[in-house]
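Chain A is the first sequence line, chain B the second, and so forth, proteins listed ahead of strands; every chain is numbered from 1.
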2 protein chains.
Amino acid sequence: MRISYRDVKAEILNRIRNNTWPLGSNLPSEIDLAKEFGCARATMNRAMRDLVDDGILERKRKAGTKVKQSPTRRAQFSIAVVRDEVEQAGAKYSYSLIERNVLPAPSWLCERIKMKIGEPVLHIKCMHYSGKHPYQYEDRWVNLDVVPAANDFDFEDIGPNEWLLQQVPFTDGELVFSAINAPEDIARFLKAPVDSALFSIERTTWLEDKSVTYAQLYFARDHKLTSRI
Amino acid sequence: MRISYRDVKAEILNRIRNNTWPLGSNLPSEIDLAKEFGCARATMNRAMRDLVDDGILERKRKAGTKVKQSPTRRAQFSIAVVRDEVEQAGAKYSYSLIERNVLPAPSWLCERIKMKIGEPVLHIKCMHYSGKHPYQYEDRWVNLDVVPAANDFDFEDIGPNEWLLQQVPFTDGELVFSAINAPEDIARFLKAPVDSALFSIERTTWLEDKSVTYAQLYFARDHKLTSRI
DNA sequence: AAGTGGTCTAGACCACATT
DNA sequence: ATGTGGTCTAGACCACTTT
C-alpha cells in the first residue's frame, strides 16, 4: 500500500514521543525523509506542513525542520452566529432590540477602531435569548462609513451580528476574552446578580484596512466556551 | 507569471464578497475552476482546501463545493507554557509551590478525567508570577498511573505545566473558558478582592485514550486573552 | 454508473537564509 | 554558493456519494 501523509504524520509524532527526535532537535531534510519513508517529496512536505500548522514543528528554509521547544496545539473554534450557537444547543433562539442610536464616534471608540472622531456611528444594544433564558447581552458600534446600509435598517427583528454577516460576508478580526463583574444595567438584562462574574468577548472586525464594527458581548452567568486543542 | 494558490484564494474570496458566489451557493468543480484560472488542479485543490480550513467553504465528494452559510474564521491561538507567556510579555517569570499532595482520586475528578475512583493522583496548587505581580493560580491534578514519575518530583522549583511538557511532549486536550467570582483563598494569592471577576481556563489533557491531567487556571484580575481570527 | 473531491507521484523551478 | 523548504505542473488512481 502507498504511504499516506497521515501515516507520515503519525510516524513523526511517534518518533517525537519516543524521543527519537527530542523537543528542540532537528529533523532530517524533506528529501532524505521522503526516501526513508518511501514516499514522494510532496507527501512528506504535506505531512510536515500540517505539523507546522498543528504547532508541533518549525521550519525555515536552509535551516531545516525542528521539533518546537514547546509544542502547542493550536486551539481552534469558530465564533459562530449567536443564533446558530443557541440553535445548535437545541434551544429556541430569540432576539430583542434594546436601543438603537446614530451618533458621532466618541474618542475612546476611535482608539479601538480606525475611524475619525465625530464621524457617524450606529450604536446598538440588544439581547439574545436561549429559550426563555438570557443568553448574551450585545453592545455594538458599527462604522456607518463602511456599512452605510445600516443607517436604513431598524434591527427590530434581526440582530446586527446576523445582518452584518449578510452585508460583509467575512472579515478579519480580533477577539479578546475576559471576565468582568456585572454592571447594574447588564446584570438586569442577563438576570444575574450585580457584580457576578461574566464571561465577555470583545470583537473587533475590519475589512481590508477599514474598521467595520466593534462589539462587546456579555454572556449569561456560568457560560463556558469550549475548545478542542 | 504563474498562478499561486494564494492568488486563487484571494480571487475566490473576492467573488464571495462581490456576490458572484453568494453565501450558501455552489462553486464550479475543481477541474472547471482550474481551467478557468489557468492553473493546475492541484493548485486549485490546495486553495480550496485551505479555505475549508479557514471556515469559508464546505466540500463533499460528488456534491461539490459551496460557500458556507455562516462563514466563520477559526480562531487560533496557542496556549503556551506560562513561563513563555510571561517572558514574551517582557517580564520576569517566577514560580512558587503552594501545596503538593498525593491522594486517592475524588469522584468528581473521575467524572472529568478517565480514571478510577480512589486511584492515586497528585494534587498541586501553585502560583505563577510576572515580575512581582501575581499572574496565575494553578490547581492541577495529575494521573499517577499515566505519569508515575510525578511521584518522585517535588515541584518546588519547576511548575507542573513545564515539567509535564517534558514528560509528555504533546497531547490532545480540551479547553474551557469561563468567568468566576474569586473565592477567598484564590483571591488572596492573586491579590484581588474577594468576588472580583476572574478569567479562568480549565484544561483537560489526554494521551491516546488515557487521561493525563486536569488543571484549573485562574488569571489575575483584568487578564485578557487575545486572538486573531 | 458517474461525478466530485482526496491524494500520491515525479519532476521542475523558485525563494530564502546561511555559509 | 549552497542547501532547504515552498510551490507549481501534469497525470494518475482512489473513495465517497449521489443518481
Side-chain angles (χ1 to χ4, degrees), chain A residues 1-16 20-69 71-72 74 76, chain B residues 1-16 20-69 71-72 74 76:
Chain A
M1 177 195 146
R2 279 157 123 183
I3 306 293
S4 153
Y5 78 98
R6 293 166 197 277
D7 304 333
V8 175
K9 282 182 68 172
E11 176 57 18
I12 291 176
L13 289 176
N14 274 334
R15 295 192 184 183
I16 297 174
T20 306
W21 296 322
L23 299 191
S25 68
N26 276 89
L27 272 61
S29 79
E30 251 183 32
I31 296 181
D32 292 347
L33 270 185
K35 269 181 214 147
E36 190 202 320
F37 278 66
C39 67
R41 190 190 150 206
T43 303
M44 182 56 64
N45 182 275
R46 176 155 182 200
M48 293 177 111
R49 264 196 300 109
D50 256 37
L51 287 170
V52 170
D53 218 45
D54 291 345
I56 310 285
L57 299 180
E58 282 174 328
R59 318 190 79 190
K60 240 191 294 186
R61 298 184 213 216
K62 173 74 179 175
T65 303
K66 61 162 59 176
V67 184
K68 277 212 281 209
Q69 198 61 54
T72 50
R74 125 208 112 184
Q76 80 180 41
Chain B
M1 177 197 146
R2 278 157 125 180
I3 307 293
S4 153
Y5 78 98
R6 291 165 198 276
D7 304 333
V8 175
K9 282 182 69 172
E11 176 58 17
I12 292 177
L13 290 175
N14 273 335
R15 295 193 186 183
I16 297 174
T20 305
W21 295 323
L23 300 191
S25 69
N26 276 88
L27 271 60
S29 79
E30 251 182 30
I31 297 180
D32 292 347
L33 271 186
K35 270 182 213 147
E36 189 202 320
F37 279 66
C39 66
R41 191 190 149 206
T43 303
M44 181 57 64
N45 182 274
R46 175 154 181 202
M48 293 177 109
R49 264 196 299 108
D50 257 37
L51 287 170
V52 170
D53 218 46
D54 290 345
I56 310 284
L57 299 180
E58 284 174 328
R59 319 190 79 189
K60 238 189 297 184
R61 296 183 211 212
K62 172 74 179 176
T65 303
K66 60 162 58 175
V67 185
K68 275 212 233 170
Q69 198 64 53
T72 50
R74 121 209 116 182
Q76 78 179 43

- Query: In terms of side-chain heavy atoms of B:N45, which of C:dA10, D:dT9, C:dG6 is nearest?
  - Reply: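 When the side chain of B:N45 is considered, C:dG6 is the closest of C:dA10, D:dT9, C:dG6.
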- What string of B, S and - do you get for nucleotides 12-19 of chain D, 5' to 3', if B is base contact, S is sugar-phosphate-only contact and - is no contact with any protein heavy atom under 4.0 Å? B--BBBB-
Do you know which two heavy atoms are closest between [X] and [Y], and how far apart they sit?
X     : Y     : value
B:A47 : B:Y5  : CB-O, 3.7 Å
A:C39 : A:V8  : SG-CG2, 4.4 Å
B:M44 : B:I12 : SD-CD1, 4.4 Å
B:P71 : B:L23 : CG-CD2, 3.6 Å
B:D7  : B:R2  : OD2-O, 4.2 Å
B:V67 : B:L57 : CA-CD2, 4.0 Å

May I have the distance from [X] (atom [atom1]) to [N] (atom [atom2]), rounded to whole angstrom?
X     : N     : atom1 : atom2 : answer
B:R46 : D:dG5 : CZ    : C1'   : 12 Å
A:L51 : D:dG6 : CG    : P     : 12 Å
A:M44 : C:dT9 : CE    : P     : 10 Å
A:K9  : C:dT7 : NZ    : P     : 11 Å
A:I3  : C:dG6 : CD1   : C1'   : 17 Å
B:L33 : C:dT4 : CG    : P     : 11 Å
A:D50 : D:dG5 : CG    : C1'   : 15 Å
A:D7  : C:dT9 : CG    : P     : 11 Å

Does the side chain of [X] get closer than 4.0 angstrom to OP1 or OP2 of [N] through an N or O atom?
X     : N     : value
A:Y5  : C:dT7 : yes
A:S4  : C:dC8 : yes
A:R59 : D:dG6 : yes
A:R49 : D:dG5 : no
B:T43 : D:dT9 : yes
B:T65 : C:dG5 : yes

- Take atom NZ of A:K66 as the centre, draw a 6.0 Å sphere, and report whether it contains more than 12 heavy atoms from other residues, nucleotides or ligands.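 Counting other residues, nucleotides and ligands, NZ of A:K66 stays at 12 neighbours or fewer.
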- Message: Using the rule given for side-chain contact (heavy atoms from CB on, under 4.5 Å), can you reason through B:R46 versus B:T43, listing the C-alpha separation, both sets of side-chain angles and the distance that settles it, and then say yes or no?
- Response: CA-CA 5 Å; B:R46 175 154 181 202; B:T43 303; 5.9 Å; no
- Message: Let's see if you get this right: which residues in residues 20-31 of chain A place a heavy atom under 4.0 Å from DNA chain D?
- Response: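 Within this stretch, A:S29, A:E30 sit under 4.0 Å of the strand.
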- Message: The test is salt bridge (charged side-chain N to carboxylate O under 4.0 Å, His left out); show your working for A:R49 and A:E58 and say whether it passes.
- Response: CA-CA 9 Å; A:R49 264 196 300 109; A:E58 282 174 328; over 6 Å; no
- On DNA chain C, check which nucleotide each of A:C39 and B:D32 is closest to and give me the residue with the more 5' one.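 On the 5' side of the pair lies B:D32.
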- Please list, chain by chain and in numerical order, all residues satisfying side-chain hydrogen bond (donor to acceptor under 3.5 Å, both in side chains) with A:D54, sequence neighbours excluded.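 Counting only residues at least two positions away or on another chain, A:D54 forms a side-chain hydrogen bond (donor to acceptor under 3.5 Å, both in side chains) with A:K9.
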